[in-house]
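What follows is one structure encoded as structure tokens, with my remarks underneath.
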Amino acid sequence: MANYQVPRGTQDVYGEDIKKWHKIEQLIREITTVYGYDEIRTPEFEHTEVFARDNDSSDVVNKEMYTFSDRGDRSLTLKPEGTAGIIRAFVEHKLYALPDMPLKYYYISPAFRYERPQKGRMRIHHQFGVEVMGEKSPYIDAEVIGLGLTFVRTLGLSNLKVLINTLGDAESRANYREKMKAHFKPHIHEFCGDCQRRYEQNPLRILDCKVDQDKQAMVDAPKLYDSLNQESKDYFDSVIKILKDSGVEVEISDRLVRGFDYYTHTVFEIVSESEGMGSQSTIFGGGRYDNLVKDLGGPELSGIGFGMGIERLLVGLEAEGINLVEEDGLDVYCVSLDEMAHDYAYHLTQVLRLNGYKTDYDIYQRSFKAQFKTVDRKKAKVAILLGQDELKNNQLILKNQVTSEQITIKEDELMHQLDHWLNEDHVCDHDHGGHSHE
RNA sequence: GCGGUCGUGGCGAAGCUGGUUAACGCAUCGGGUUGUGGUUCCGACAUUCGCGGGUUCGAGCCCCGUCGAUCGCCCCA
């Protein structure tokens, strides 16, 4: 039996939902513009090695990638995240040679991950993300986090928590890694299978474990911060200070490690604390990466970025009862009373549309009553009534649906009257519909 | 990848221990004497219960499989 459902973990977006997406995308463009970020678009798939680098042991890379063969022996992978492809482009086009560092990019892109779907977790989801590459400064870290926060707050989210941590530089991490291995060595057999695997591959991630959270060895585990060298500590302290000085309340979370192995120094996660997020509460998260550019064949340049799941953002907005889209009704609806008037209604509708009025008419030539119901349902502000008598005398009946005022006018007065009703009343309203009739 | 719940018209949702007309609400459409709606009244609207197979004289209700959703784990946006 053919399966004509959307594939698992994917969805169609239409109706009210697509309007929310438009709103979000519009705000992304506005805010990134103000912050000076340019858009970058990279392919939906890359050579597999762009994502699967030897030193990355994350689950996303290890078991969730959509990898396929490109007819020959080339292995390609649908992008599971946004950063790697952008770094690849950064290196490939030698963008680091451009005059004004750092380079600031944003993207809106699908991401593909083979996972078990859940609320706020799809097999195709979309990320809004930014990357700032080529310079390393605590001000940049603060700016990136601030940009993301400004964005979600502008949309209306307020029930948020900003978690932040540092992984330090390579030296500090190596140092910590040894301490962790030494600490867990006598106890590791008591831990879950995942932890035992992490112990070998990336001991830092043991801290992420939810199962063994309460074990004594976990509680006593060495703190990452204590293994940091002075430079790493200073860097982190600066980031925190700049954030606090700019009014961002952060919660330092020394258990925050994050899934991708390429992070160094600052890592952060902005979570929604609203009920109804399911078990996926991170709205956006990211961190700094000192080695990724080099790993992808470029020079030793640092970068930082975040990824924000738009589907998950939508869940968060829903959870806080935020309505992004207000219904905007028609400006005008043409009601016609017989066949001749109907023909006239069609032409009048076109004229009004060309003049920038959102106009519709009844294509079915239904009854007067039915047409008026549509006037209501479509929230038309003005109804134009067309009948034999009016046609004969070159007149139109205009009914203002807001005030219920009804007047009969000459045909050539129409534009003036509509302008009066629909525009002049709102001269103080900066957010008017944007009619383009001069 | 593991465990739980669920899947009935555009939407929400009944359906008793399997029995034959698949409630009800919202929305939609038509009408209440031919040119004024949002109220109200009347009427219409699922050859069919995610899909496939099985048990049975008979299944939306039972069994198996499958697809999907959802919750928790894992992981992440």
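Throughout, a chain's letter reflects where its sequence line sits, starting with A, and its residues are numbered from 1.
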Given the [atom1] atoms of [N] and [M], what is the spacing between them in whole Å?
{"N": "B:rU47", "M": "B:rC64", "atom1": "P", "answer": "29 Å"}
{"N": "B:rA59", "M": "B:rC16", "atom1": "C1'", "answer": "15 Å"}
{"N": "B:rA23", "M": "B:rG9", "atom1": "C1'", "answer": "13 Å"}
{"N": "B:rG32", "M": "B:rC71", "atom1": "P", "answer": "49 Å"}
{"N": "B:rG54", "M": "B:rA22", "atom1": "C1'", "answer": "23 Å"}
{"N": "B:rC11", "M": "B:rA27", "atom1": "P", "answer": "16 Å"}
{"N": "B:rU56", "M": "B:rG1", "atom1": "P", "answer": "35 Å"}
{"N": "B:rA13", "M": "B:rG4", "atom1": "P", "answer": "24 Å"}

For a quick check, tell me whether the side chain of [X] and the base of [N] share a donor-acceptor pair closer than 3.5 Å.
{"X": "A:Arg116", "N": "B:rC73", "result": "no"}
{"X": "A:Glu390", "N": "B:rG35", "result": "yes"}
{"X": "A:Gln406", "N": "B:rU36", "result": "yes"}
{"X": "A:Glu115", "N": "B:rA77", "result": "yes"}

For [X], answer base if it contacts any base atom (sugar-phosphate contacts may also be present), sugar-phosphate if it contacts only those atoms, and nothing otherwise; contact means non-hydrogen atoms under 4.0 Å.
{"X": "A:Ile283", "answer": "sugar-phosphate"}
{"X": "A:Ala370", "answer": "sugar-phosphate"}
{"X": "A:Ile310", "answer": "nothing"}
{"X": "A:Gln280", "answer": "base"}
{"X": "A:Gly120", "answer": "base"}
{"X": "A:Lys369", "answer": "base"}
{"X": "A:Asp338", "answer": "nothing"}
{"X": "A:Glu64", "answer": "sugar-phosphate"}

Could you work out which one of [options] sits closest to the side chain of [X]?
{"X": "A:Lys399", "options": "B:rU36, B:rC73, B:rU28", "value": "B:rU36"}
{"X": "A:Gln118", "options": "B:rC71, B:rG35, B:rC67", "value": "B:rC71"}
{"X": "A:Thr282", "options": "B:rG31, B:rA77, B:rG72", "value": "B:rA77"}
{"X": "A:Phe372", "options": "B:rC67, B:rU36, B:rG1", "value": "B:rU36"}

Strictly distance-based, threshold 3.5 Å: is any side-chain N or O of A:Glu115 a donor or acceptor partner for the main-chain N or O of A:Arg121?
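Checked: no pair found.
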Complementary nucleotide for [N] - Watson-Crick or wobble, under 3.5 Å:
{"N": "B:rG72", "answer": "B:rC2"}
{"N": "B:rU47", "answer": "none"}
{"N": "B:rA27", "answer": "none"}
{"N": "B:rG7", "answer": "B:rC67"}

Between [X] and [N], is there a contact of a side-chain N or O with OP1 or OP2 at under 4.0 Å?
{"X": "A:Arg8", "N": "B:rC67", "value": "no"}
{"X": "A:Arg377", "N": "B:rC29", "value": "yes"}
{"X": "A:Ser367", "N": "B:rG30", "value": "no"}

Could you state the atom-to-atom distance from [atom1] of [X] to [atom2] of [N] in whole Å?
{"X": "A:Glu311", "N": "B:rA69", "atom1": "CD", "atom2": "P", "answer": "13 Å"}
{"X": "A:Phe51", "N": "B:rA77", "atom1": "CZ", "atom2": "P", "answer": "13 Å"}
{"X": "A:Leu157", "N": "B:rA77", "atom1": "CG", "atom2": "C1'", "answer": "14 Å"}
{"X": "A:Ile384", "N": "B:rU36", "atom1": "CD1", "atom2": "P", "answer": "19 Å"}
{"X": "A:Trp21", "N": "B:rA77", "atom1": "CH2", "atom2": "C1'", "answer": "11 Å"}
{"X": "A:Leu391", "N": "B:rG35", "atom1": "CG", "atom2": "P", "answer": "16 Å"}
{"X": "A:Tyr14", "N": "B:rC11", "atom1": "OH", "atom2": "C1'", "answer": "10 Å"}
{"X": "A:Phe368", "N": "B:rU33", "atom1": "CZ", "atom2": "C1'", "answer": "17 Å"}

Select from A:Lys119 and A:Tyr263 the residue whose nearest nucleotide in RNA chain B is closer to the 5' end of that strand.
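This one resolves to A:Lys119.
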Residue closer to the 5' end of RNA chain B, A:Val6 versus A:Arg121 (nearest nucleotide)
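Result of the comparison: A:Val6.
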Quick one: which of [options] gives a side-chain contact (heavy atoms from CB on, under 4.5 Å) with [X]?
{"X": "A:Ile164", "options": "A:Val239, A:Leu256, A:Val267", "answer": "A:Val239"}
{"X": "A:Leu317", "options": "A:Leu155, A:Val152, A:Ile283", "answer": "A:Leu155"}
{"X": "A:Tyr357", "options": "A:Leu330, A:Thr349, A:Val351, A:Asp419", "answer": "A:Asp419"}

Could you walk me through whether A:Tyr361 and A:His342 pass the ring pair (Phe, Tyr, Trp, His ring centres under 6.0 Å) test, one step at a time?
CA-CA 9 Å; A:Tyr361 71 106; A:His342 178 75; 5.8 Å; yes
I'd like to know whether A:Gln406 forms a side chain to side chain contact (heavy atoms under 4.5 Å, CB included) with A:Leu398, so could you lay out the CA-CA distance, the side-chain angles of the two residues, the decisive distance to 0.1 Å, and finally the verdict.
CA-CA 6 Å; A:Gln406 179 167 319; A:Leu398 295 200; over 6 Å; no
Less than 6.0 angstrom from the centroid, inside 45 degrees of the normal: does A:Lys136 satisfy that with respect to the ring of A:Tyr235?
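A:Lys136 over A:Tyr235 ring: yes.
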Has A:Arg123 got its NZ or CZ under 6.0 Å from the middle of the six-membered ring of A:Tyr114, at an angle within 45 degrees of the ring axis?
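Yes, A:Arg123 sits over the ring of A:Tyr114.
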Name the one of A:Glu135, A:Glu39, A:Glu143 that satisfies salt bridge (Lys or Arg N to Asp or Glu O under 4.0 Å) with A:Lys104?
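So the option named by the test is A:Glu143.
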